[in-house]
Colleague: 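Structure provided below as structure tokens; questions to follow.
These figures come from a predicted structure and were not determined experimentally.
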Amino acid sequence: MRSILYLLKKIRQYDSLMLGMILLYTLLSAVYPFIWVVTPARILDLAPSGQTEALILLVLVSGLFAVLASFLLAYLKGNYRMRMNNVRYHLIRDLMRYSLEMPYEDTLDPKKLDAIHLANDSVLNPQSGAGGIILTLLSLAGELFASLAFLGIFSVLSAPLMILLLAFTLLTFWLRHRASGHEYSLWENSLPIYRKRSTLFQYASEPMNQKDIRSYGLYALIQSYINRYHEDSLTLVRSFSAKMFTMETAAALFDLARDAFLYGWLILAFLRGDIDVSQFYLYSSGLISFVTLANQAMTDMAKIHKESAQFSVYQQVMGQAGPPDGSSPSGGSAASSEKADAAVHSPALGAAVSAVGETTAAAPSAGPEIRFENVSFRYPSSDKPVLNGINLTIRPGERLALVGENGSGKSTLIKLLCRFYRPTGGRITVDGRDIWNMPEEGYMKYLSAVFQDAMVFPFSVEDNICLGKDEPALLNRVLKESGMDRIAAGLKKGVKTSLLRILDDEGADLSGGQRQRLFLARALYQDDSRILILDEPTAALDPLAERELYEEYGRMANGKTSLFVSHRLASTHFCDHIALLQNGSIQEYGTHKELAAAGGLYAELYEIQAKYYQENYQEDCGKVCRMEYAKSLRGGQTE
């Protein structure tokens with residue numbers, strides 16, 4: 001019932017005309033079956049008396065009403081179906097909005113991901129979930145009213161007969177209701193298996209993975225996993241099928257017993273002379289109509305029960321989301337109250353945060369001050385802390401490098417600053433304000449971040465850079481400053497060229513270096529940001545290319561407070577200070593010269609990396625020299 005009320009509320013919100021269509025369809029569909037029951041019985045009653053004119057009028061009126069009702073029912077059903085899809089698209093949009101704005105840690109929780117998949121399935125298919133409920137609601141009320149009216153006819157003939165008929169009907173409904181519960185249970189238990197299988201299939205179909213799959217001959221291994229999940233699905237289906245067969249057989253036997261008893265009773269009544277031929281037709285055809293309508297109503301109610309159980313996951317998920325207009329649960333706008341408070345405490349932050357709602361003066365020349373005050377953190381699924389008592393101050397406009405070995409906590413620190421996770425201890429402030437007391441939308445506009453696993457979206461080059469903003473002059477400047485203009489010039493449609501081949505079969509693929517230029521342009525385009533974050537975006541590049549790109553990022557960092565994460569220490573010389581993390585704590589802090597002279601862990605790691613790159617450089621030079629020497633011996637011919 002909760003699902004029906006929820007959807008009726010959504011129907012009233014998105015297309016209130018559908019409510020009127022349900023009422024009209026209910027009225028027509030409840031009356032329509034009686035034309036084919038009452039009219040023939042009346043004809044049989046009038047025919048012996050020779051009332052020709054009354055017979056002709058009855059046939060004409062009944063036929064005209066039947067044609068008009070049939071046309072209107074078909075029109076209402078088709079139009080209602082189209083309108084249902086409009087409501088369903090709104091539900092899909094609301095779920096997509098929630099999934100894009102849900103807390104970052106929820107995106108790593110398998111249970112919450114399963115809930116999102118369940119909710120999506122409940123609105124994606126127009127025949128099930130929300131779509132199934134809305135479509136079934138159209139006809140259900142008419143079926144119920146018509147069934148009750150036919151029961152009223154039988155009550156005139158025999159009250160005990162009516163009670164017996166109702167008892168058989170309710171018993172069959174109970175069996176089918178139980179069967180629909182088992183069907184939902186199958187669907188719910190199958191979803192984790194389906195999610196794993198579809199994810200594995202998607203992985204195997206991804207063009208980027210084909211090199212590894214082909215090189216290592218992984219087809220058999222991947223197929224073995226798919227087969228395992230397939231067998232798990234079959235096991236569930238077999239168990240479900242056995243239960244369904246038992247319940248459907250029982251329901252069919254009850255239906256058979258009901259029909260045999262009722263028709264036998266009617267035949268005996270006719271043979272005894274208790275009812276005449278017109279009454280026999282009325283009650284026998286009425287019984288057929290009642291059985292048909294009641295069975296359909298029971299099927300529809302069982303379907304609504306099953307689809308409501310499926311759709312309830314959507315309601316639970318969306319119950320965690322805020323109001324669609326972005327206001328706070330209490331009814332006021334959380335962003336509006338925070339904007340004023342932010343502007344009072346920090347002019348720099350106020351300029352950026354107020355960009356959510358109105359245009360402000362130009363951004364200040366330096367970025368904000370960032371403080372990590374005794375910050376600790378552990379991931380929700382782990383008891384082991386990743387960060388321990390981090391105390392760090394980044395002055396306005398400063399460029400800080402975060403370095404350290406893998407697993408030292410560098411990227412986790414960045415995720416905390418980006419508000420992907422909330423610290424389990426301590427706090428992070430920007431110009432004295434706790435970042436968790438700031439409006440999320442305004443704070444995110446305050447950041448410009450490029451991550452190691454930054455995404456290339458299957459949109460145009462322009463959309464990949466602008467990300468929904470439309471400032472042509474800024475785009476042209478950014479293309480030149482990042483060097484992306486030269487790359488775009490070589491593409492078929494310039495900046496209008498689609499990337500990847502997901503939405504466009506003629507999409508372009510960028511090389512690793514070209515992608516880095518794209519990410520550089522994307523960061524430059526966030527012109528109003530005051531904090532620049534680079535979390536090892538150049539890890540796939542060689543050291544010289546990485547250093548060159550980092551220096552370009554360094555030049556664009558003027559007027560911003562910047563954090564650069566890298567495991568290559570030589571790439572961070574341009575930074576004002578360097579913080580070395582180890583085991584979740586800051587072990588060393590200072591400039592490059594200070595840390596190199598201190599002879600600590602930083603100096604040791606720097607010396608190891610320098611020696612490694614120097615040896616590789618000498619080896620590469622040796623290979624080139626040997627190739628040139630061999631070429632000279634062959635008289636300048638190449639192999």
Side-chain angles (χ1 to χ4, degrees), residues 89 92-93 95-97 99-102 104 107-108 113 116-117 120 124 195-216 218-219 222 226 411 418 420 444 448-472 474-476 478-526 533-542 545-546 549 552-553:
Y89 295 149
I92 294 172
R93 182 203 63 186
L95 179 63
M96 181 178 293
R97 171 180 167 271
S99 63
L100 291 174
E101 296 178 355
M102 65 191 292
Y104 179 81
T107 64
L108 305 177
L113 290 179
I116 292 290
H117 281 283
N120 185 58
L124 199 59
R195 176 175 58 82
K196 294 173 185 177
R197 186 173 58 188
S198 61
T199 302
L200 184 59
F201 182 80
Q202 183 179 3
Y203 169 83
S205 305
E206 184 68 35
M208 295 293 291
N209 299 330
Q210 289 301 309
K211 291 181 290 184
D212 288 326
I213 292 173
R214 294 171 185 268
S215 298
Y216 293 102
L218 297 179
Y219 294 110
I222 292 173
I226 292 177
S411 294
C418 292
F420 295 159
M444 290 305 175
S448 179
V450 182
F451 300 99
Q452 180 176 349
D453 52 354
M455 286 186 64
V456 175
F457 299 101
F459 310 140
S460 67
V461 173
E462 179 181 2
D463 287 339
N464 264 276
I465 295 172
C466 300
L467 301 179
K469 293 169 60 178
D470 184 18
E471 298 182 33
L474 177 59
L475 175 62
N476 291 332
V478 162
L479 288 170
K480 292 178 182 178
E481 291 179 0
S482 65
M484 196 63 200
D485 58 338
R486 298 187 297 273
I487 298 172
L491 300 176
K492 187 175 181 179
K493 299 179 183 178
V495 294
K496 300 295 183 181
T497 303
S498 295
L499 299 181
L500 309 178
R501 293 184 177 86
I502 297 175
L503 303 180
D504 186 350
D505 293 338
E506 297 182 356
D509 289 319
L510 300 181
S511 67
Q514 289 173 330
R515 289 186 177 211
Q516 295 305 324
R517 293 290 169 185
L518 176 71
F519 300 148
L520 173 60
R522 184 183 294 172
L524 284 167
Y525 194 81
Q526 308 305 312
I533 298 172
L534 301 179
D535 186 9
E536 298 195 79
T538 58
L541 300 182
D542 62 78
E546 181 187 49
L549 199 59
E552 292 193 41
Y553 277 117

Colleague: Of all the heavy-atom pairs spanning V461 and G494, show the shortest one and how long it is.
Modeller: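 Closest heavy-atom pair between V461 and G494: CG2-O, 4.3 Å.
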Colleague: Not counting sequence neighbours, which residues clear salt bridge (Lys or Arg N to Asp or Glu O under 4.0 Å) with R517? List them please.
Modeller: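 By the salt bridge (Lys or Arg N to Asp or Glu O under 4.0 Å) rule, R517 matches E548, E552.
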Colleague: Residues in salt bridge (Lys or Arg N to Asp or Glu O under 4.0 Å) with K480, at least two apart?
Modeller: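 Here no residue qualifies.
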Colleague: When rounded to the nearest 0.5 angstrom, what is the spacing between OG1 in T497 and CG in L510?
Modeller: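 T497 atom OG1 to L510 atom CG measures 9.5 Å (nearest 0.5 Å).
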Colleague: So, taking the atom named CD1 in I465 and the one named CG in L520, what distance separates them when rounded to the nearest 0.5 Å?
Modeller: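 So the gap between those two atoms works out to 9.5 Å.
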Colleague: Holding to side chain to side chain donor-acceptor pair (under 3.5 Å), I want the full list of residues that pass it with S448, two or more places apart in sequence or in another chain.
Modeller: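 Testing S448 for side chain to side chain donor-acceptor pair (under 3.5 Å), a comparison that skips the adjacent residues, returns none.
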Colleague: Once rounded to the nearest 0.5 Å, what's the spacing between atom CE of M102 and atom CG of L113?
Modeller: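 That separation rounds to 6.5 Å.
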Colleague: Write out all pairs satisfying salt bridge (Lys or Arg N to Asp or Glu O under 4.0 Å) with one or both partners inside residues 484-494, taking only residues at least two apart or from two chains.
Modeller: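 Salt bridge (Lys or Arg N to Asp or Glu O under 4.0 Å) check on residues 484-494 returns K492-E506.
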Colleague: Output all residues satisfying side chain to side chain contact (heavy atoms under 4.5 Å, CB included) with I226, sequence neighbours left out; order by chain, then residue number.
Modeller: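 So I226 forms a side chain to side chain contact (heavy atoms under 4.5 Å, CB included) with R197, L200, I222, Q223.
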Colleague: Holding to salt bridge (Lys or Arg N to Asp or Glu O under 4.0 Å), I want the full list of residues that pass it with E101, two or more places apart in sequence or in another chain.
Modeller: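 Testing E101 for salt bridge (Lys or Arg N to Asp or Glu O under 4.0 Å), a comparison that skips the adjacent residues, returns R97.
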Colleague: Rounded to the nearest 0.5 Å, what's the gap from CG on N464 to CE on M484? Could you check?
Modeller: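 Reported to 0.5 Å precision, the distance equals 8.5 Å.
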Colleague: Nearest 0.5 Å, what's the CD-OG distance between Q516 and S482?
Modeller: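 So the gap between those two atoms works out to 12.0 Å.
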Colleague: How are the rings of F451 and F420 set to each other: parallel, tilted or perpendicular (split at 30° and 60°)?
Modeller: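 Correct class here is tilted.
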Colleague: Restricting to salt bridge (Lys or Arg N to Asp or Glu O under 4.0 Å), what partner residues turn up for D509, sequence neighbours left out?
Modeller: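 Testing D509 for salt bridge (Lys or Arg N to Asp or Glu O under 4.0 Å), a comparison that skips the adjacent residues, returns R501.
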Colleague: Is any side-chain heavy atom of V456 less than 4.5 Å from a side-chain heavy atom of F519?
Modeller: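 SC-SC contact between V456 and F519 confirmed.
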Colleague: Holding to side chain to side chain contact (heavy atoms under 4.5 Å, CB included), I want the full list of residues that pass it with S498, two or more places apart in sequence or in another chain.
Modeller: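 Checked S498 against side chain to side chain contact (heavy atoms under 4.5 Å, CB included); matches are D504.
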Colleague: I need the minimum non-hydrogen distance between L503 and P458, along with the two atoms involved.
Modeller: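 Minimum heavy-atom contact is CD1-O, 3.3 Å.
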Colleague: Can you list everything that forms a side chain to side chain contact (heavy atoms under 4.5 Å, CB included) with L474? Sequence neighbours excluded, please.
Modeller: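 If we apply the side chain to side chain contact (heavy atoms under 4.5 Å, CB included) test to L474, skipping adjacent residues, the hits are E471, R477, V478, Y525, D527.
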Colleague: Residues two or more places apart in sequence or in another chain: which of them pass side chain to side chain donor-acceptor pair (under 3.5 Å) with S460?
Modeller: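 D463.
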Colleague: Is the NZ atom of K496 crowded by more than 12 outside heavy atoms at less than 6.0 Å?
Modeller: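 Check fails, neighbour count at 12 or below.
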Colleague: Quick one: are L467 and R522 in side-chain contact, heavy atoms under 4.5 Å?
Modeller: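 Result yes, sub-4.5 Å side-chain heavy-atom pair found.
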Colleague: Tell me every residue that passes side chain to side chain contact (heavy atoms under 4.5 Å, CB included) with Y89, counting only those two or more places apart in sequence or in another chain.
Modeller: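 Partners of Y89 under the side chain to side chain contact (heavy atoms under 4.5 Å, CB included) test: N85, I92.
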Colleague: Taking ring pair (Phe, Tyr, Trp, His ring centres under 6.0 Å) as the definition, give me every residue that meets it alongside Y219, ordered by chain and number, with sequence neighbours left out.
Modeller: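 Checked Y219 against ring pair (Phe, Tyr, Trp, His ring centres under 6.0 Å); zero matches.
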Colleague: Does the side chain of L499 come within less than 4.5 Å of L518's, by heavy atoms?
Modeller: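 When only atoms from C-beta onward are counted, L499 and L518 do touch, with a gap below 4.5 Å.
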Colleague: Answer whether the closest heavy-atom distance between the side chains of E462 and L475 falls below 4.5 Å.
Modeller: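 Yes; the side chains approach each other to less than 4.5 Å.
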